[in-house]
Amino acid sequence: MKKSYGKKKVLDGVSFSLEKGKSLGIVGQNSAGKTTLLKILATILKPDEGRLFLFEKDALKDLSYIRKRIAFVPEFPALLEELTVRENLLFFSRLRGVKMESFIVSEFMLEPFMGTLVRNASKGVKQRTALAAALFGNPELLILDEPTSGLDVESASIVRSKLKRLKEEGITVIISSHIREDIEELCDEILVINGESGGSNLERDR
Ligand SMILES: Nc1ncnc2c1ncn2[C@@H]1O[C@H](COP(=O)(O)OP(=O)(O)OP(=O)(O)O)[C@@H](O)[C@H]1O
């Protein structure tokens with residue numbers, strides 16, 4: 001795939017495939033294009049050239065089929081700041097037409113924060129809320145931008161444990177991170193985005 005913003009080439013020949021149930025880590029220097037690639041995979045942005053197949057369907061044509069099956073959590077999740085954690089979880093579960101699963105709330109240890117206004121919550125609690133909301137409805141593909149970046153130690157550890165469990169459960173996960181150790185620990189394969197050439201190379205079978 002290729003993607004430019006105006007004259008600025010960001011992705012220039014990025015190519016990879018990922019098997020169902022595998023986890024992929026996307027690494028690269030600052031501004032290499034990791035977020036751009038994740039947004040294309042999440043069908044928020046379109047590539048200028050190239051093709052994207054998700055669940056063996058053309059992602060540019062079968063949008064509604066694909067969007068029901070994926071969840072994307074950006075680095076700074078768009079939560080409703082003036083509502084509580086509980087209200088956010090309820091809002092996003094209803095928006096997707098699915099149940100607010102209490103076991104997922106428990107796995108992210110959110111019970112003590114259910115009455116906290118999101119605007120008063122730490123980055124860690126916000127990230128845990130966004131991840132929990134993303135998992136209601138059992139997405140088949142989870143796309144996460146910097147899921148542990150800037151989190152307190154406890155939140156980072158809760159998020160890592162949950163990601164490890166998801167991997168064991170066979171959910172396909174794509175993560176971008178600056179933290180190479182996280183990627184090494186959580187991912188089966190690593191895609192390195194080369195900010196200078198705009199290309200990519202895949203490290204498989206680790
Ligand atoms: N909407 C946009 N319009 C113009 N330029 C953009 C836009 N979004 C991103 N860019 C530029 O494209 C380049 C790649 O950005 P992107 O956010 O995809 O990189 P990244 O690898 O995720 O960066 P970081 O590691 O710093 O988060 C950067 O130079 C960025 O400034």
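We count residues from 1, following the sequence as given. When a ligand or atom number is given, it counts from 1 through the structure's own listing order. FYI, side chains are in, hydrogens and waters are out, and symmetry mates aren't considered; it's all heavy atoms of this structure.
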query = Salt-bridged, Glu81 to Lys126, with N to O below 4.0 Å?
reply = yes
Electrostatic pair Lys123:Asp152 at N-O distance under 4.0 angstrom = no
key: Within 45° cone and under 6.0 Å: Arg67 NZ/CZ vs Tyr65 ring   = no
query = Applying a heavy-atom distance cut-off of 4.0 Å, which protein residues contact ligand 1?
reply =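 Heavy-atom contacts below 4.0 Å: Tyr5, Lys8, Val10, Gln29, Asn30, Ser31, Ala32, Gly33, Lys34, Thr35, Thr36, His178.
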Hydrophobic cluster membership, Leu83 vs Met114, 4.5 Å side-chain cutoff =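 Yes.
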query = With a 3.5 Å cut-off and no angle check, do the side chains of Asp182 and Ser177 form a donor-acceptor pair?
reply =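 There is no such pair (donor and acceptor under 3.5 Å, judged by atom type) between the side chains of Asp182 and Ser177.
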inquiry  = If we count only N and O atoms by modelled type, under 3.5 Å, do the side chains of Thr35 and Asp145 hold a donor and an acceptor together?
reply    =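 Looking only at side-chain atoms, Asp145 and Thr35 do form a donor-acceptor pair, the distance falling under 3.5 Å.
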